Amino acid sequence: MIRRAGRTSLMSNSRFDVRFDPGQADSRWQRAWDEARCFEADSNSDKPKSYVLEMFPYPSGRIHIGHVRNYTMGDVLARYKKMRGHEVLHPMGWDAFGMPAENAAMEKGVHPAGWTHDNIATMKAQLKQLGFALDWSREFATCDPEYYGHEQALFLDLYEAGLVYRRESAVNWDPVDQTVLANEQVVDGRGWRSGALVEKRKLNQWFLKITHFAQDLLDGLGDLEDWPEKVRLMQENWIGKSTGLQFAFDLSNGESLEVYTTRPDTIFGASFVAVAADHPLAQGVAASNCDAAKFIELCKQGGTTAAELETAEKLGFDTGIGAKHPFTGEYLPVYIANFVLMDYGTGAIMAVPGHDQRDFDFAAKYGLPIVRVIAASADQADAPLTEAEAGDGVCVNSGFIDGMSVAEAKAAVIARAESEGWGEGKTVWRLRDWGVSRQRYWGTPIPFIHCDACGVLPVPKEQLPVTLPEDVDFSTPGNPLERHPAWKHVDCPKCGHKAERETDTLDTFVNSSWYFLRFASQPDDKPFDKTEVAKWLPVEQYIGGIEHAILHLLYARFWTRALAHCGLLDVTEPFASLFTQGMVTHETYSVREKRKDKIAEAFTRWLEPSEVRKEGGQTFEIATNQPVLVGKVIKMSKSKKNVVDPEDIIADYGADAVRWFMLSDSPPERDLPWSEAGIEGCGRFVQRLWRLFGQYDPDATGEDKAVARKMHQTIAAVGEDIEALSFNKAVARLYELTSVVEKAQPSASRSEAIAALMLMVAPMMPHLAEEAWSEAGFDGLVSTAAWPPFDPAMLIEDEVTIAVQHKGKLRDTLTVAKGLPKEELEALALASEKVQRSIDGAEVRKVIVVPDRLVNIVT
RNA sequence: GCGGGCGUGGCGGAAUUGGUAGACGCCGGGGACUUAAAAUCCCCUGAUCCACGGAUCGUGCGGGUUCGAGUCCCGCCGCCCGCACCA
């Protein structure tokens, strides 16, 4: 199976005589791969194709260990697929627009472009050091004008297709810095720099009609069998299809108010009506009532996020208006409430405290009635409610729907509303259109021009790209594009009079919504070529963090559909299989210190792992020798200093040991705790394999059945494990084979197993594998060699160990020939001395025999 | 608050999906080699009891189904992630 050429003796002057030296081997093989250009994908190949993609990184400065884990997983799969004869596309690029570049500009006075390009250079060098099998010929950064220019063209295509529009929408406004803040820049309702109370302010902004594809995006989830169930569920909940009743309350002031409810079955339990603070009704009340206006102002303070709105104390303002209940005719009070969202449904709700916790909290606070209208059974109609009960049951205290199930009552109430003409059944989506406007510089300029006479006009396509101006000033907060003297002012493309450019840029999620298409095909004159893309898409395996489970992945699915809708693409689902990997974690180290200026106030000083020393179960700070508090194992973060720099550990242990550590022990979807002892173990294993590889002897003779069987079993299992991305299991099996081969006497089987090990570790430890492969005298690169075959006949053991239980407890084990009939197994089990002692003369009532597994005797 | 996930030795985890719990690795202990150290190799390592043959307990907690439960069902507890302008 393996041909060998060249050297005939390994006995002398071999690299195997000394320890494996990653310091010189790593870079030598990295150069060899570059020179051979062996990882560049050929679109015209007739091999089966594999598109392996990891989420491209934001160039934040340096590669962190999370990147290393992510890209190592993808790399193992890409290298494995190549060895299995696939034409592999495994590209890399840079998600290069975003806020940190502007923050650096403000803090350090560097230009975002320069900062970003420096970071890319650093990080690319770091990725190269890890030996990833990437097709660098397809590399790009989203901040390249070529890339974002094509993105602008696509944006205009979507505009022509009616999928882009403008409307008013709220942003976080910092009144001191006079700037728009991202949610993460709002801390406890205050601007992170100014500390000013953040306000909600309305701006005209650009939106993409993702809701047009809501049903399609939902339906598509059903076909994504190779996506984690939890991600599909999260997206399903995010899209949030609900059917309910939309109806109008007649108000005591003569007007009417549309509300939407998903629980029309609880309509008889409605005890008040609530509208959002920015609902027109609330605005109307505020116009003549300054208390109401004050309350609305209060609601504007604080964050805009759902989590903040829902955890904030429920507050309301009684408008004094009454809403007439459609069945009882009773008037319910209408409140303005801080927990009602204008963006969902009609921005107004009927509140049923008995069966919705938010309504319950509100009713309890304001002394409103809490009525039970759903009960476990009809005789429980008056059971007291101590909290909202959202579960199933039958209707009680509910007039004509009494006794109906929740589902029946929903249908009955909708039917009645429709026949009486005051309401209708309606499907409502939680999914909202995607706001893509950002009031920032470092992003894709939105290619539109505002003309007083002609309105909002797209930039003609032949004038693309609209490039960012380079001479910008970050000394004052806010968007530099707004105050740029020249860039902003242009002539109207229609009437030729003076007009202004749109100064908003696109959300960076737009950049990452089509980058996988550009990797597959990158012509100069258009974003991508449809037929070329069709050769590579969908991505066979997409790998990234769970934090992208909803937004990025939903936006990319939407964008792909939208482009297909415009006739630019034939695919609708970009990622056939998705894998979400866990984080890399580390324990934290801190010392509590007393501040000199504030003696009473202790504060925490965090220490880096390199600043502490462990001794006799205790941990000390190296510099001061004082005891260190060892904290929880949490995600590595700069603020807690529990970080390790990949470059440092590569320097200490070599790329292969780092890669091996990333794959070992923890299942890839779970968190991986970083440990110094663990990486040391990996470094030892690299040397252990190296010593074993040095024992490869092409002239060895003789068969060793046990070694051969173990090798075939391992080849079969490791292949399956890699395909399932169960790298930790593949690693464990390779350890097992290594141990077996080490202990075996020299034989042809043993040498064959050593060669197979070189091939099997090649995707994981490519530098070591190349060095051993060439040193053992094999031709060519191991990276382009074929994965070793296995013989299915060799997988089957001829002996099995049978568990013998008495009353479900293990009493003995028997080693027998595989496939022994039930009767014989039973007889052997009953003959066991240990079993007889346990039975102790009792009557055997039943014997359960599972062939090749166990015998259970019941007395 | 809503939605999602995860709990197995000192630690990371494995267990053919209802069939020998703890594979494999790390840590720790003992030994070999060495003048010594490093490196390497061998043995032990869930808890308790023990007559040294073994016994009992044990997969977050409490119930249940089953000849048999880490795995299935019901109810709790704890921790983690996401929540639309971080990427």
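Quick note on labels: first sequence line is chain A, next is B, and so on, each numbered from 1. Computed from a prediction, not measured in an experiment: that's the story for all the values here.
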> If you find the nucleotide of RNA chain B closest to A:Gly678 and the one closest to A:Thr813, which residue's nucleotide is nearer the 5' end?
Replying inline: A:Thr813
>> Please tell me whether A:Asp174 and A:Thr179 have a donor and an acceptor in their side chains that are separated by less than 3.5 angstrom.
In response: no
> Would you call A:Glu229-A:Arg232 a salt bridge at under 4.0 Å N-O?
Replying inline: yes
> To the nearest angstrom, how far is A:Phe661 atom CZ from B:G12 atom C1'?
Replying inline: 9 Å
>> With rounding to the closest Å, how many angstrom separate the C1' atoms on B:C41 and B:U34?
In response: 13 Å
> Considering only heavy atoms and no angle criterion, is a donor-acceptor pair shorter than 3.5 Å present between the side chain of A:Gln439 and the base of B:C85?
Replying inline: yes
> So does A:Arg811 get a side-chain nitrogen or oxygen closer than 4.0 Å to the phosphate oxygens (OP1/OP2) of B:G68?
Replying inline: no
>> Heavy atoms from C-beta onward define the side chain here; which of B:C86, B:G25, B:C42 lies closest to that of A:Lys743?
In response: B:C42
> Is the glycosidic angle of B:U17 within 90° of 0, making it syn, or outside that range, making it anti?
Replying inline: syn
>> Strictly by Watson-Crick or wobble contacts shorter than 3.5 Å, is anything paired with B:C11, and which nucleotide is it?
In response: B:G25
>> Under 3.5 Å for both donor-acceptor distances, Watson-Crick or wobble: does B:G68 have a partner, and if so which one?
In response: none
>> Taking pairing as Watson-Crick or G-U wobble with both contacts under 3.5 Å, can you name the mate of B:G75, or confirm there isn't one?
In response: B:C61
> Which one, B:C57, B:C67, B:C85, comes nearest to the side chain of A:Asn856?
Replying inline: B:C67
> If you measure from the P atom in B:G10 to the same atom in B:G4, how many Å do you get, rounded?
Replying inline: 33 Å
>> Let's test this: given Watson-Crick or G-U wobble pairing with both distances under 3.5 Å, identify the partner of B:A36.
In response: none
>> Can you measure A:His552 atom NE2 to B:G82 atom P for me and round it to whole angstrom units?
In response: 16 Å
>> With a 4.0 Å cutoff (strictly under), does any side-chain N or O of A:Lys230 reach OP1 or OP2 of B:G82?
In response: no
>> Pairing donors with acceptors under 3.5 angstrom, does anything connect the side chains of A:Asp812 and A:Ser832?
In response: yes
> Between A:Cys682 and A:Arg440, which is nearer to the 5' end of RNA chain B once each is assigned its nearest nucleotide?
Replying inline: A:Cys682
>> Could you tell me how far apart A:Gln235 (CD) and B:A84 (P) are, to the nearest whole angstrom?
In response: 16 Å
> Do any side-chain nitrogens or oxygens of A:Arg430 fall under 4.0 Å of OP1 or OP2 in B:C2?
Replying inline: no
> What's the OH-C1' distance between A:Tyr344 and B:C2, to the nearest Å?
Replying inline: 12 Å
>> For A:Tyr148 together with A:Phe97, are the ring centres under 6.0 Å from each other?
In response: yes
>> If I take atom CG in residue A:Asn728 and atom P in nucleotide B:C26, what distance separates them, rounded to the nearest angstrom?
In response: 15 Å
>> Please determine whether ring pair (Phe, Tyr, Trp, His ring centres under 6.0 Å) holds for the pair A:Trp94 and A:Phe56, giving the CA-CA distance in whole Å, both sets of side-chain angles, and the decisive distance to 0.1 Å.
In response: CA-CA 6 Å; A:Trp94 309 95; A:Phe56 66 163; 8.7 Å; no
> Does B:U48 have a Watson-Crick or wobble mate here (both distances under 3.5 Å), and if so which one?
Replying inline: B:A55
> According to the Watson-Crick and G-U wobble definitions, with both distances under 3.5 Å, which nucleotide is paired to B:U17?
Replying inline: none
> Looking at the angle O4'-C1'-N9-C4 for a purine or O4'-C1'-N1-C2 for a pyrimidine, is B:G9 syn or anti, with syn meaning within 90° of 0?
Replying inline: syn
> Which whole number of Å gives the distance between the P atom of B:C11 and that of B:U59?
Replying inline: 15 Å
> Whole-Å distance between B:G25 P and A:Leu737 CG?
Replying inline: 13 Å
>> Taking the C1' atom in each of B:C50 and B:G28, what is the distance between them to the nearest angstrom?
In response: 25 Å
> How is A:Gln357 classified with respect to the nucleic acid when contacts are heavy atoms under 4.0 Å: base, sugar-phosphate, or nothing?
Replying inline: nothing
> With both distances kept under 3.5 Å, what pairs with B:G1, Watson-Crick or G-U wobble?
Replying inline: B:C83
> Are the ring centres of A:Tyr735 and A:Trp660 closer than 6.0 Å?
Replying inline: yes
>> Work out how far the P atom of B:U20 is from that of B:U71, and round it to whole angstrom.
In response: 13 Å
>> Between B:U17 and B:A87, how far apart are the two P atoms, rounded to whole Å?
In response: 44 Å
>> Whole angstroms only, please: what is the CD-P distance between A:Glu229 and B:U17?
In response: 20 Å
>> Would you measure the distance from the P atom in B:C52 across to the matching atom in B:G19 and give it in whole Å?
In response: 37 Å
> Among B:C24, B:U20, B:C85, which is the nearest nucleotide to the side chain of A:Ala182?
Replying inline: B:C85
> What is the minimum heavy-atom distance between A:Tyr653 and A:Pro22, and which atoms define it?
Replying inline: O-CG, 3.8 Å
> Would you say a side-chain N or O of A:Ser666 is under 4.0 Å from OP1 or OP2 of B:G12?
Replying inline: no
> Does B:G7 have OP1 or OP2 sitting under 4.0 Å from an N or O in the side chain of A:Arg670?
Replying inline: yes
>> From CD1 of A:Ile848 over to P of B:A69, roughly how many Å is that when rounded to an integer?
In response: 12 Å
>> For B:G12, does the base pair up with any side-chain atom of A:Asp665 as donor and acceptor (N or O, under 3.5 Å, distance only)?
In response: yes
> Strictly by modelled atom types, are A:Gln695 and A:Glu742 linked by a side-chain donor-acceptor pair under 3.5 Å?
Replying inline: no
> Between A:Lys834 and B:G53, does any side-chain N or O lie under 4.0 Å from OP1 or OP2?
Replying inline: no
> Distance check: side-chain N/O of A:Arg432 vs OP1/OP2 of B:C83, anything under 4.0 Å?
Replying inline: no
>> Tell me if the side-chain of A:Gln205 makes a donor-acceptor pair with the base of B:C85, cut-off 3.5 Å, by modelled atom types.
In response: yes
>> What's the gap between B:A21 and B:A37 when it is taken at their P atoms, as a whole Å value?
In response: 43 Å
